[in-house]
Q: 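My questions will all concern the structure given below.
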Number of protein chains: 2
Amino acid sequence: METAQQANPGRKRMSRAEREQQILGIAEEVFAERGYQGTAMDDIAQRVGLSKPMLYEYFGSKEGLLLACLERAKRELLECTSTAAANAETPEQLLHDALLAFFRFGEDHKQAWALLRNESAVPGVELDTELEGIRGQQVGFTTDMLRMSLPEADEYRLEAFAEAIIGACERMALWRENHPEITPETVTDHLMALIGPSLSGEARASQARHSHDQG
Amino acid sequence: METAQQANPGRKRMSRAEREQQILGIAEEVFAERGYQGTAMDDIAQRVGLSKPMLYEYFGSKEGLLLACLERAKRELLECTSTAAANAETPEQLLHDALLAFFRFGEDHKQAWALLRNESAVPGVELDTELEGIRGQQVGFTTDMLRMSLPEADEYRLEAFAEAIIGACERMALWRENHPEITPETVTDHLMALIGPSLSGEARASQARHSHDQG
DNA sequence: GCAGTAGGTTACTATGAGTAGGTTACTTGC
DNA sequence: GCAAGTAACCTACTCATAGTAACCTACTGC
C-alpha cells in the first residue's frame with residue numbers, strides 16, 4: 001500500500017486497445033448479469049482489476065461504457081446474420097437463414113444477447129440516436145432482403161415489414177428464453193409460417209382482398 | 001418556514017386514493033418526459049406539491065412507482081384493444097380492429113405509450129415478473145384471437161404467433177413515431193398485409209411447402 | 001539517464017434513493 | 001365543545017455511487 005502501483009503488484013500494464021477490449025468483455029458480462037442499474041462502475045473496475053477512473057478515461061461515462069458494449073454486440077449480431085444469409089439461393093431461404101442465425105446467436109452468445117435484449121434499459125434519448133446507425137443497418141439489411149421477395153412493394157411497406165419482422169424476432173427471442181425446449185429451428189419455423197405466405201407470390205394477390213373495409 | 005404545513009399553505013390534504021391517482025398521473029407524465037433514470041423522485045414530489053417521503057409511503061420505491069404507472073397504462077391499453085375488437089364479425093376483422101386500436105392508443109395516449117415503450121427501461125428482473133400478469137393477458141388475448149383464425153394450430157404455434165405479433169406491433173409503433181405521416185390506419189394495413197395471408201385459409205396450404213429444407 | 005507520455009492511482013464532490021422521527025389536520029366518541 | 005387517535009404530511013438526515021481533480025509510475029526513445 002505504500003505507492004499506487006505496488007498496491008496491485010500482479011497487475012500488468014496494457015495498451016489502450018487491449019485494455020478496452022478486456023473491459024468491454026467484462027462489462028458485457030457484468031451488465032448482462034446484474035442489469036445496467038444494478039451494476040456499479042466500481043464493480044466492473046474491480047473485476048477488471050483496475051480503478052474506476054480508468055473506465056471513465058476510456059469510455060467517458062457509465063452510459064458510454066454500456067454503449068460501447070452494445071455496439072460491439074450489435075455488430076457481432078449483424079455480422080452473424082448477414083454471413084449466414086450469404087449463401088442462400090432463394091429469397092425465402094435467405095430470410096430463413098438470417099432468422100435462424102439470429103435465434104442461434106441468442107443461444108451461442110447469451111451474454112451479448114442479454115445485453116441487447118435490455119438495450120432499452122437505458123437512460124436518456126441520446127443513446128438511441130447514437131445506436132441509430134447500427135439499427136439503421138439492421139433495418140436496411142432486412143429491407144434489402146424483403147425487396148427481393150417483394151420487388152413491386154413501395155419503400156414504406158418494405159420498411160414497415162422490416163420493422164415488424166425485427167420486432168417479432170426480438171420478442172420471440174425473449175419468449176424463447178422461457179421455453180428452453182424450443183430450438184432456434186422451431187422458432188424460425190413459426191416465424192416463417194407467420195410471414196412466409198405474405199412474401200411468396202401466390203399470397204400477394206389475396207392480401208389486397210383481405211384489406212379492411214371500415215373506417 | 002416555521003412549521004411543516006405552513007410552508008405550503010395552499011396545499012390541500014387528500015385521501016390516500018385520490019392522492020395516489022394524482023401521483024400516478026404526474027409520475028407518468030414525468031417518466032414519459034425524462035425517462036426513468038432521468039427522473040428524480042424529488043422532481044415528481046415537487047410537481048405533485050408534496051414531499052418525497054409520501055411517494056415512498058404510497059409506492060415503496062422508485063421502481064414501485066414506475067410499476068404502478070405501467071400497470072395502469074397496460075390495463076388501459078388492454079381495455080382499449082379488447083373493447084375495440086368486441087364488435088368485429090370475422091376473425092380477420094377482429095385482428096384488424098385490435099391492431100388499429102393499439103396504434104390509435106399510441107396516438108391518443110402519448111404519455112402512457114411513451115411509458116410502455118420504455119417498459120424495458122427498468123432495472124431489475126422482479127419488475128418483469130410482476131408485470132408478467134398483464135403481459136400474460138396480452139398474450140392470452142392475442143392467442144385467443146388467433147385461435148379463431150387457426151383452429152387446428154397447436155398451442156406453441158399460437159403463442160409464438162401472438163408473441164411475434166405483439167413484438168411487431170411494439171416495434172412498428174416505435175417506427176411510427178419517426179414517421180408522423182403514417183396514420184394508425186396505414187400501419188395497421190401494413191401489418192395486416194404481412195400477417196394476414198398466413199391467417200387466412202388459402203395461404204395455410206402453401207405455408208408448409210415453403211418450409212425450409214436445410215439443417 | 002533523462003524527458004515525455006501513456007497507464008494508473010487515491011481521495012475527493014455531488015446527486016439522488018431511501019429513512020427516522022416528528023408535526024399538523026381531520027375524524028370519532030363523549 | 002373537546003380530548004384521543006389516526007391519517008396525511010413534513011424536515012433533516014444516511015448512504016451508495018456516478019463522476020472528477022490531482023497526483024504517481026513504468027515504459028519509450030533519444
Q: Rounded to whole angstrom units, what separation is found between the CD1 atom of A:I44 and the C1' atom of D:dT17?
A: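 One finds 12 Å between C1' of D:dT17 and CD1 of A:I44, rounded.
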Q: Any N or O donor-acceptor pair under 3.5 Å from the base of C:dG16 to the side chain of B:K52?
A: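 In this structure, the two groups form no donor-acceptor pair.
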Q: With heavy-atom distances below 4.5 Å as the criterion, would you say the side chains of A:T186 and A:R176 are in contact?
A: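 Not touching, per the 4.5 Å side-chain cut-off.
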Q: Considering only side-chain heavy atoms of A:L50, which listed nucleotide, D:dC9, C:dG8, D:dG19, is closest?
A: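 Ranking D:dC9, C:dG8, D:dG19 by closest atom to the A:L50 side chain puts C:dG8 first.
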Q: Parallel, tilted or perpendicular: which fits the ring planes of B:F105 and B:H109, with parallel below 30° and perpendicular above 60°?
A: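 The rings of B:F105 and B:H109 lie parallel, inter-plane angle below 30°.
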Q: For a quick test of reading the model: is some side-chain N or O of A:Y58 closer than 4.0 Å to OP1 or OP2 of C:dA6?
A: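 No, because none of the side-chain N or O atoms of A:Y58 sits under 4.0 Å from OP1 or OP2 of C:dA6.
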Q: When the nearest nucleotide of DNA chain D is assigned to B:M54 and to A:A40 on a heavy-atom basis, which residue is associated with the more 5' position?
A: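 Checking each residue's closest nucleotide, the 5'-ward one belongs to B:M54.
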Q: Using whole Å, report how far CG of A:D42 lies from P of D:dA18.
A: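 About 7 Å, once rounded to whole Å.
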Q: Whole angstroms only, please: what is the CZ-P distance between A:F59 and D:dA18?
A: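 Whole-Å distance recorded here is 16 Å.
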Q: Rounded to whole angstrom units, what separation is found between the CD atom of A:E63 and the C1' atom of D:dT17?
A: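 For the pair A:E63 CD and D:dT17 C1', the rounded distance is 16 Å.
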Q: Where the side chain of B:M41 is concerned, which of D:dT11, C:dA17, D:dG19 is the nearest nucleotide?
A: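 Selected nucleotide: C:dA17.
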Q: Which of the following nucleotides, C:dG18, C:dT10, D:dA18, is nearest to the side chain of B:Y56?
A: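 When the side chain of B:Y56 is considered, C:dG18 is the closest of C:dG18, C:dT10, D:dA18.
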Q: If you go through the side-chain atoms of B:K62, does one of them form a donor-acceptor pair with the base of C:dG16 closer than 3.5 Å?
A: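 In this structure, the two groups form no donor-acceptor pair.
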Q: Is the closest side-chain donor-acceptor distance between A:E177 and A:W113 under 3.5 Å?
A: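 On atom types as modelled, these side chains qualify, holding a pair under 3.5 Å.
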Q: Using whole Å, report how far CE of A:M14 lies from P of C:dG8.
A: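 In whole Å, C:dG8 P and A:M14 CE are 8 Å from each other.
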Q: Could you check how far CD of A:E57 sits from C1' of D:dA18, rounded to whole Å?
A: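 Roughly 16 Å, once rounded to whole Å.
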Q: Can you see if the side chain of A:R19 gets near the phosphate of C:dA6 - specifically, an N or O under 4.0 Å from OP1 or OP2?
A: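 False: A:R19 side-chain N/O out of range (4.0 Å or more) of C:dA6 OP1/OP2.
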Q: Donor-acceptor check, side chain of B:K74 to backbone of B:Q138, threshold 3.5 angstrom: yes or no?
A: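 No; zero donor-acceptor contacts below 3.5 Å.
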Q: Measure CD/A:Q46 against P/D:dT17 and give the value in whole Å, please.
A: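 Those two atoms, CD and P, are 12 Å apart.
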Q: Look at A:E79 together with A:R75 and state whether they make a salt bridge at an N to O cut-off of under 4.0 Å.
A: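 Here A:E79 does not pair with A:R75 in a salt bridge, since their nearest N and O are not under 4.0 Å apart.
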Q: May I have the distance from B:E20 (atom CD) to D:dC9 (atom P), rounded to whole angstrom?
A: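 Going from CD in B:E20 over to P in D:dC9 covers 11 Å.
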Q: I'd like to know if B:R13 reaches the base of D:dA8 with its side chain such that a donor and an acceptor end up less than 3.5 angstrom apart.
A: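 Answer yes: a donor N or O sits under 3.5 Å from an acceptor.
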